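The next block holds one structure in the form of structure tokens; read it before the comments.
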Amino acid sequence: MVESLQGSQVTFGWIARSSETARSLFLSVLTLTTLSLPAQALQVQVRPDRPQLGDTISVSIQVNNPTQEAPQVVMGEKTYPTFPIGQNRYRAFIPSSPLDRSGRWEFQVQGDGQVRNLALWMGDRSFRTQSIWLPPSSAGLSGTDHEFDRVDAFKALVTPEKFWSGPFLRPNSGPITTEFGVRRYYNGEFARDYYHRGVDYAGPYGSPVVAPAAGRVALVGREADGFQIHGNTVGVDHGQGVTSIFLHLSQIRVREGDFVQAGQVIGTVGSTGASTGPHLHWGLYVHGVSVDPVPWRYDGLQ
Ligand SMILES: [Zn+2]
């Protein structure tokens with residue numbers, strides 16, 4: 001059985017909203033639905049109400065039996081961990097990207113010794129495209145195993161602690177030149193696996209790059225040590241599978257293991273690695289998938 005969570009039509013469960021009106025409305029819904037559900041049902045809420053490709057889906061779960069293990073969210077072949085967010089409450093993040101399919105997304109919530117089959121509606125979204133024309137012989141830089149191995153290991157981090165709180169800050173004051181998700185045509189051919197995995201800020205050379213949220217510096221890579229494509233790189237682990245990577249820096253102002261606060265300078269804008277001019281590339285990853293930072297910047301995710 002699959003229960004639809006499409007739109008805001010939550011037909012069961014629990015919700016937390018700041019508006020008292022919403023709360024009292026919901027309580028009456030809860031009272032009604034409680035009658036038709038087993039007493040021990042897991043209560044699940046999905047946000048945002050109308051997700052679109054690139055969004056980070058937040059799945060909140062209320063369990064009745066706090067002595068059980070933390071619940072899990074399973075989608076396809078992926079299992080997403082949950083982390084405590086309050087009494088008997090847990091939250092998982094499901095990343096989405098421009099490479100995913102829109103439409104019905106089915107998932108399972110497992111916890112309290114129960115399994116609930118649920119579904120959400122993933123909205124389609126069109127991303128801007130760029131056409132790039134390369135001369136036939138241009139091989140370009142291919143990058144080193146060292147940099148890709150280190151970056152892959154960094155993006156796979158799932159640290160149990162949550163270091164961020166509230167909306168993320170803008171990491172550089174320069175104007176945005178390339179937003180998240182831009183797709184490309186190379187020599188007229190659509191690049192199926194490519195999307196711009198981050199946001200570019202055209203801050204001037206040497207301008208400060210700040211941590212958008214607190215976290216631990218878990219990656220420092222230098223062009224001189226084989227970071228051919230990424231250039232001078234800092235990776236900040238915000239915890240619970242959320243990571244930020246900053247590329248093409250001129251200077252690096254932190255060391256691996258440092259704890260940084262939101263707004264703390266971690267480096268300066270440069271053009272190291274595969275870069276045609278000074279800019280900051282900020283990539284925000286959730287469980288290894290590059291997601292749109294916009295909801296994190298403006299609304300924030302709990
Ligand atoms: Zn970029």
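As the structure lists them, so they are numbered: ligands from 1, and atoms in each ligand from 1. The figures here come from the full heavy-atom set of this structure, side chains too, leaving out hydrogens, waters and symmetry mates. In this text the structure is predicted, and so the values were computed from the model without any measurement. Counting from 1, the numbers follow the sequence of the chain as shown.
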query: From the Zn ion (ligand 1) out to just under 2.8 Å, does an N/O/S atom of His196 turn up?
result: yes
- request: Measuring from the Zn ion (ligand 1), name the closest N, O or S atom belonging to His281.
  value: ND1
message: Is it the case that the side chain of Arg184 and the backbone of Ala191 share a donor-acceptor pair, with hydrogens and angles ignored and the cut-off at 3.5 Å?
response: no
query: How are the rings of His287 and Tyr80 set relative to one another: parallel (under 30°), tilted (30 to 60°) or perpendicular (over 60°)?
result: tilted
- prompt: Are Arg91 and Phe93 in a cation-pi contact, defined as NZ or CZ under 6.0 Å from the six-membered ring centre and within 45° of the axis?
  reply: yes
query: Does the distance from a Lys or Arg side-chain N to an Asp or Glu carboxylate O, for Arg150 and Asp225, drop under 4.0 Å?
result: no
- line: Looking at Asp200, the N/O/S atom that lies nearest to the Zn ion (ligand 1) is called OD1
